Structures are given as structure tokens and as C-alpha cells.
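Everything numeric in this text was worked out from a predicted model, so none of it was measured.
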Amino acid sequence: MAGTLPAHRSVEEILAHPDFPAARALFVAEHAKVYEAGTFPAQLGADIGRVTTLAIIVCLHAAYDPADRATWPTLNRLKDRVARFGFASPRLIDDFVARLGQTGYVAMERQPEDSRVRLLKPTERLLAWDREWMAAHFAPLDLLYPDPGYGPPGRRDPAFQAVHAGAALAAFDAIIAMTWSNLEIVFFLSATSALIILLSFFEMGGADPESRIRESDLAHLAPRFGVSRTHIRNILAVARERGFLTRSGPRNAFIRLTPRWTTAFDRFIADSLAQSDLTYRLALRAMGADALYRG
């Protein structure tokens, strides 16, 4: 049935995989690349509201049918879709889309069937970034399940990108449910670059009980992700309030991520990979290529 989601890898299966730690490290490394200052679109910091807006712009464009008004990728339709995720206000979307236009990531075009209507169109600059973002999601899955693997996103295949984006719309309800099921980390999804900063801290050995990492050791992450050192300090303060971080040593100089943090963020990463596997299978189904995936 067209409305039935295909079976896909489960969170439990992914977490139980013996190579999950390596997949987690790859997830962090690949996402850090696409969220770095100077790489993330519009020269702004990444947060889930902006990331969701970018993804939906690409998805709406991929599903656009000039003959079907319900599919026209207008600004209002973008706002309606993004609003369902609950992370960006209409004002934020207006400002972000304007910035995307100013920096060459989005163009506004007339609708041929109704010249009064303007449609959002991702430029090649945005589509190129989206292919890198897509590859960042599938690289860890390809590491875990190399046979038959996830070849098209890893190759940054534009044809697959278009089919995948159009098919992914069917998974939005599942993705929204997944995001809000990870309530413990919602703040870190919505605060600029908070998620990738904490993940980078983790990869520095921040969860090691013997760690001697100081707050100042994270200073290099500020320019990398386009935030201030004060912003990083605030992220760490909230992490401590939530029981995700502890301080120790003289004057509480050493910072360390707690097992609670590891559990919460491992779950989120596994959830993200499970949803990526779902959208991959939706794309294969749209291409009539289910037989290519025997996992």
C-alpha cells in the first residue's frame, strides 16, 4: 500500500550492533563537517529549526507538480510543514528564507499557472550542501550494514537525491514523533550548534571517567561552529543542570559527560539512523528498486 511505511532497521538493532561506537564516531565527524561555520547555509549556526527548514525546502521542491496546486512549494506551505516539527516560528522562517535568498541558496520563481504566486526553489548551492548532509546520515549506516550498503547517497547522486527528497515527505510524521520522543535532548537540538558541540566534546573523550578536559579545551569549537565561548559555557551549564555533565577536581576545573548523557545521545543517534534507513527504503520503493535492498 502506498500509505504504508516499509519495514526498516530498528533503534534497538542499531544500538546492539557491535560496530555502533564506530558508527557514532563517524556520525559525529560527518555532521561536524556540514555544520561548520562557512559550510552551513547562509553563514549561520545550525539548529534543528534551520536544518528542518532546509530539508523541507528541498523536499517540497522535489515533490512539486505544476499541475497540482497542493504541491506548490510556497513560503506558506513551507511554514505549515515546518510548524509541525515545533522548532521554528513563522518569523524565524521568514528571516531565514530571506537570508537564504540573499546568500544564494534559495530563489523565488513565478508559478507558470498563477503569476501571483512565488515558489521557493533551492539553488544548486543548497542542493550541493543537501547532498553532503544526506551523505552524513548514511555513512554510519553504510558502516554498520555494508551489504548491500547505501551506495547512492554516498556517491552524492543527484537523481537519488531528488527521489529521496520527494519520498521522505511520507516519513515526516515518524520523524516528528522520533524527535519529540527524545525529550531529554530537545534543548540541545534547538540551541545553535549545541548538539554538535556536545558530540564533539564526547569524541574528545569527554565521557571517560579519567578525563581531565577543561572548559577551555573546548574553545576551539567556538569558531569552528560559529558561536561564542560564552554560548559554549551556557550549553555546558544547561548540560550540568540536566545531569548530562559533571565537574570535578580543584575548583571544579574538569568537566565530564555522564553515563546519562551517553545513553540519551546514543538513543538519539540510533533513532536518527533508523529514520534515515526508513527514508532510504521509501526512496528505493519510489524508484521501484526494493530488490536492491536485501538487508
Side-chain angles (χ1 to χ4, degrees), residues 31 34-64 69-111 114-123 125-127 129-130 133 165 168-169 171-198 222 225-228 230-235 237-238 241-242 268 272 275:
H31 281 76
V34 295
Y35 292 152
E36 284 180 341
T39 299
F40 190 74
Q43 288 76 58
L44 296 171
D47 61 50
I48 192 170
R50 290 172 181 155
V51 170
T52 301
T53 299
L54 294 170
I56 294 177
I57 289 172
V58 174
C59 289
L60 293 180
H61 174 70
Y64 168 48
R69 193 181 188 96
T71 70
W72 292 1
T74 63
L75 181 57
N76 282 337
R77 189 158 183 256
L78 171 67
K79 290 179 181 179
D80 289 343
R81 286 281 186 167
V82 176
R84 293 174 56 197
F85 283 80
F87 289 103
S89 68
R91 175 67 178 274
L92 184 149
I93 298 167
D94 280 333
D95 291 346
F96 187 42
V97 170
R99 179 67 178 166
L100 290 170
Q102 293 164 1
T103 51
Y105 288 93
V106 168
M108 300 293 289
E109 296 191 345
R110 291 181 183 272
Q111 161 56 241
D114 187 342
S115 62
R116 298 168 299 176
V117 177
R118 297 293 186 273
L119 305 180
L120 293 167
K121 181 180 180 180
T123 65
R125 190 178 189 188
L126 176 52
L127 292 173
W129 178 84
D130 181 74
W133 183 69
L169 289 169
F172 274 17
D173 286 344
I175 294 171
I176 293 168
M178 177 277 288
T179 303
W180 284 99
S181 72
N182 289 274
L183 279 175
E184 280 197 304
I185 66 166
V186 163
F187 168 83
F188 304 99
L189 296 175
S190 57
T192 302
S193 299
L195 175 64
I196 197 64
I197 285 168
L198 287 181
F225 298 114
V227 299
S228 66
T230 298
H231 184 70
I232 292 180
R233 190 175 305 115
N234 291 338
I235 291 169
V238 174
E241 290 172 4
R242 305 287 171 88
F268 171 74
S272 298
Q275 295 304 318

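- Not a single side chain to side chain donor-acceptor pair (under 3.5 Å) links Arg110 to another residue, sequence neighbours left out.
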Report the C-alpha distance between Arg99 and Asp95 in whole Å, list the side-chain angles of each, state the deciding distance to 0.1 Å, and finish with yes or no for salt bridge (charged side-chain N to carboxylate O under 4.0 Å, His left out).
CA-CA 6 Å; Arg99 179 67 178 166; Asp95 291 346; over 6 Å; no
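- Listed by chain and residue number, nothing satisfies the side chain to side chain donor-acceptor pair (under 3.5 Å) test with Gln102 (two or more places apart in sequence, or in another chain).
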Using atom types as modelled, flag every donor-acceptor pair under 3.5 Å from a side chain in residues 179-186 to any protein atom, sequence neighbours excluded.
{"from": "Thr179", "atom 1": "OG1", "to": "Ile175", "atom 2": "O", "distance (Å)": "2.9"}
{"from": "Trp180", "atom 1": "NE1", "to": "Phe85", "atom 2": "O", "distance (Å)": "2.8"}
{"from": "Ser181", "atom 1": "OG", "to": "Met178", "atom 2": "O", "distance (Å)": "2.6"}
{"from": "Asn182", "atom 1": "ND2", "to": "Met178", "atom 2": "O", "distance (Å)": "2.8"}
{"from": "Asn182", "atom 1": "ND2", "to": "Asp271", "atom 2": "OD2", "distance (Å)": "3.1"}
{"from": "Glu184", "atom 1": "OE2", "to": "Arg260", "atom 2": "NE", "distance (Å)": "2.9"}
{"from": "Glu184", "atom 1": "OE2", "to": "Arg260", "atom 2": "NH2", "distance (Å)": "2.5"}

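- With sequence neighbours left out, His61 forms a ring-ring contact (aromatic ring centres under 6.0 Å, His included) with no residue at all.
- The side chain to side chain donor-acceptor pair (under 3.5 Å) test applied to Asp94 returns Lys79, not counting sequence neighbours.
- Residues satisfying the salt bridge (Lys or Arg N to Asp or Glu O under 4.0 Å) criterion with Arg125, sequence neighbours excluded, are absent altogether.
- To the nearest 0.5 angstrom, Arg118 atom CZ is 11.0 Å from Arg116 atom CZ.
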For Val238 and Phe188, run side chain to side chain contact (heavy atoms under 4.5 Å, CB included): C-alpha distance rounded to whole Å, both residues' side-chain angles, the deciding distance at 0.1 Å, then the answer.
CA-CA 9 Å; Val238 174; Phe188 304 99; 3.9 Å; yes
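- Within the model, atoms CG of Leu78 and SG of Cys59 stand 11.0 Å from one another, a figure rounded to the nearest 0.5 Å.
- Closest non-hydrogen pair, Gly49 versus Ala88, comes out as CA-CB, 4.1 Å.
- With a 4.5 Å cut-off on side-chain heavy atoms, Ile57 and Leu100 count as touching.
- For the atom pair CD1 of Ile232 and OG of Ser193, the computed distance is 9.0 Å after rounding to the nearest 0.5 Å.
- The shortest distance between side-chain heavy atoms of Val106 and Lys121 does not fall below 4.5 Å.
- A donor atom on one side chain and an acceptor atom on the other are found under 3.5 Å apart for Trp133 and Tyr35.
- In terms of the ring-ring contact (aromatic ring centres under 6.0 Å, His included) criterion, Phe225 has no residue partners (sequence neighbours excluded).
- Pairs passing the salt bridge (charged side-chain N to carboxylate O under 4.0 Å, His left out) check and including a residue from residues 43-56, sequence neighbours excluded, read Asp47-Arg50.
- Of the options Leu120, Leu119, Leu60, a side chain to side chain contact (heavy atoms under 4.5 Å, CB included) to Trp72 is made by Leu119 and by none of the others.
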Side chains of residues 36-45: which donor-acceptor partners sit under 3.5 Å, not counting sequence neighbours?
{"from": "Glu36", "atom 1": "OE2", "to": "Arg224", "atom 2": "NE", "distance (Å)": "2.8"}
{"from": "Glu36", "atom 1": "OE2", "to": "Arg224", "atom 2": "NH2", "distance (Å)": "3.1"}

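- Note that CG of Leu195 and CG of Leu189 are 5.5 Å apart. Values are rounded to the nearest 0.5 Å.
- Nearest heavy atoms, Ala46 versus Val51: CB-CG2, 4.4 Å.
- Considering only residues two or more places apart in sequence or on other chains, Arg69 meets the side chain to side chain donor-acceptor pair (under 3.5 Å) condition with Asp114.
- The CZ atom of Phe96 sits 10.0 Å away from atom OG1 of Thr52, with the distance rounded to the nearest 0.5 Å.
- Residues satisfying the salt bridge (Lys or Arg N to Asp or Glu O under 4.0 Å) test with Arg233, not counting sequence neighbours, are Glu215.
- Atom-to-atom distance recorded for Asp130:CG and Tyr105:OH is 12.5 Å, nearest 0.5 angstrom.
- For Asp80, the salt bridge (Lys or Arg N to Asp or Glu O under 4.0 Å) test picks out no residue, with sequence neighbours left out.
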